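Encoded as structure tokens, the structure appears first; notes follow it.
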Amino acid sequence: MKLYIETLGCAMNMRDSEHMIGELKKQGYASTDDAKEADLILINTCSVREKPERKLFSEIGQFARIKKPDAKIGICGCTASHMGEEIIKKAPSVNFVLGARNISKISEIIHKDKAVEIAIDYDDSTYVFDIARSTGIKALLNISIGCDKKCAYCIVPHTRGKEISIPLDLILSEAKKLANSGVKELMLLGQNVNNYGVRFSTPHPRINFAGLLREISQIDGIERIRFTSPHPLHMDDEFLEEFASNPKVCKSIHMPLQSGSTKILKSMRRGYSKEWYLNRALKLKSLIPNVGIGTDIIVGFPGESEEDFKHTIDVLEQVEFDTLYSFIYSPRPHTESYGWGEEGKVSQEIASNRLATLQSRHKEILRHKAKEEIGSFHKVLIENVKTGEQCFSEGRSDNGKLIKIPGEILKIGDILDIQISQNDGGSLIGRFVK
Ligand code: 5AD
Ligand code: SF4
């Protein structure tokens, strides 16, 4: 039997898809890239913004037209969680709906018809591990599920439920298994990774995220640890110092800002101010001069004035982010700000202009930083090699930069010293320093 799976959204969804592929493999399914020949079609959805969600139904229609007559269609993930049965009502070709918190039930639900499993109080925290991983040297590893925050714009607490940390012994045994199978780099996953230890579903010794990093870094074979996403509010000194001093922890970090205005941060219920964010980011930069910092920013949140937007630009300029994911605010059902209606609404035109301003300022900053990169050295984990006339090797530096090494066939999995020789605005170009 053949499985076709489409994955939208974040790293959490990628891991959930891997998990489903692993479970279904045990049921006799092999993956295919061609939906026409599949016996089971899964869409693992994201609901964080409205547009992809709107596209879901036309996509289901397309799959329904091309699929084999007996093939089943399952809608999984965050949109499944929040729309539930409505999906089957709107699209009768759908056989089942499986929420983001219920992914471990995939093997049962495929045998049912018109079934809906979306309970967000379901404890999936001990079932999230499985053997199927997509790469040999890098692996995704959940450390918590759900989210306890109440950010006014965000649908995720509604789709993924309350936060539960995964027990330490489970994480460590999975990490050891991965190390034994050749994995060198772990990406720890959670909606709020640095809130680790806040709640377990069974009695558990006290531990925080810094403690978890210390424990994982003891594992032989695991050479690099990354994580996504930490919350700026929980970036206390212990966390920053562990991040800076632990040699296995990669020096790149995603720090979702959302807005640089303390007023807007307050109405977003982010729990921190512009000053706190800047203090944490600048402390990181002073502890680790070449740290890579990425961020998420929303423009056009209700009530955002030109003055508020200037604060966002100010943070962008002070932190000089290496990566930026920027979005226009999209009102989502089941969120606090959805209920605000027209109040303080920022027009689409103003929001688009702010987005363009933000992105072009970011590009300028990157161009400026790029010049400073030439000649610098990086430890690069070789992840990809292309042979042939135009041969090259490729990998990521400790601080998260994609680096291409033309003309060299290096060994996948090695961590090598690379010096940057060129920066063409895309990936950095480097050479292997023997
Ligand atoms: N509108 C726009 N962007 C959003 N995000 C989350 N919710 C919304 C929304 N309603 C963005 C945030 C988050 C990223 C994953 O998506 O920036 O960090
Ligand atoms: Fe991931 Fe959030 Fe999208 Fe769910 S809604 S898939 S948690 S980004």
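Heavy atoms only: backbone and side chains are in, while hydrogens, waters and symmetry mates are out. Residue numbers start at 1 and run along the sequence shown. Read the numbers this way: they start at 1 and go in the same order the structure lists the ligands and their atoms. What you see is a predicted model; the values in this text were computed from it and never measured.
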Salt-bridge present ([X], [Y]; N to O < 4.0 Å):
X: Lys401; Y: Glu373; answer: yes
X: Lys68; Y: Asp39; answer: yes
X: Glu306; Y: Arg354; answer: yes
X: Lys369; Y: Glu320; answer: no
X: Glu336; Y: Lys150; answer: no
X: Arg367; Y: Glu364; answer: no
X: Lys379; Y: Glu185; answer: no
X: Asp34; Y: Lys2; answer: no

| request: Answer yes or no on whether Lys105 is positioned over the face of Tyr122, meaning its NZ or CZ is under 6.0 Å from the six-membered ring centre and within 45° of the axis. | output: yes
Give the atoms of ligand 1, by number and element, whose distance to some non-hydrogen atom of [X] is under 4.0 Å.
X: Arg332; answer: 10 (N)
X: Tyr329; answer: 1 (N), 2 (C)
X: Ile328; answer: 2 (C)
X: Ile298; answer: 3 (N), 4 (C), 5 (N), 12 (C), 17 (O)

Using a 4.0 Å cutoff against the non-hydrogen atoms of [X], which atoms of ligand 2 qualify?
X: Cys78; value: 4 (Fe), 5 (S), 6 (S), 7 (S)
X: Arg160; value: 4 (Fe), 7 (S)
X: Gln191; value: 7 (S)

| Is the shortest distance from a heavy atom of Thr335 to ligand 1 less than 4.0 Å? | no
| task | Could you establish whether Met12 and ligand 2 come within less than 4.0 Å of each other, counting only heavy atoms on the residue side? | result | no
| Is ligand 2 less than 4.0 angstrom away from at least one heavy atom of Gly77? | no
| request: Could you tell me whether any N, O or S atom belonging to Cys46 is less than 2.8 Å from atom 3 (Fe) of ligand 2? | output: yes
What is the nearest protein non-hydrogen atom to [atom], stated with its residue, atom name and distance?
atom: atom 2 (Fe) of ligand 2; value: Val156 CG2, 3.0 Å
atom: atom 3 (N) of ligand 1; value: Arg49 NH1, 3.5 Å
atom: atom 9 (C) of ligand 1; value: Ser330 O, 3.5 Å
atom: atom 1 (Fe) of ligand 2; value: Cys10 SG, 2.2 Å
atom: atom 7 (N) of ligand 1; value: Tyr153 CD1, 3.3 Å
atom: atom 12 (C) of ligand 1; value: Gln258 OE1, 3.4 Å
atom: atom 6 (C) of ligand 1; value: Val48 CG2, 3.2 Å

| query | According to the interplanar angle, ranging from 0 to 90°, do the rings of His204 and Phe200 count as parallel (below 30°), tilted (30 to 60°) or perpendicular (above 60°)? | reply | parallel
| message | Out of Leu257, Val299, Asp296, Val156, who is nearest to atom 18 (O) of ligand 1 when you count heavy atoms only? | response | Asp296
| field | Trace of the side chain to side chain contact (heavy atoms under 4.5 Å, CB included) decision for Lys162 with Asp148 | value | CA-CA 5 Å; Lys162 279 237 163 282; Asp148 275 358; 3.8 Å; yes
| note | At under 4.0 Å between heavy atoms, what of Asn13 touches ligand 2? The answer is side chain
| Heavy atoms, side chains only, cut-off 4.5 Å: are Leu381 and Arg396 in contact? | no
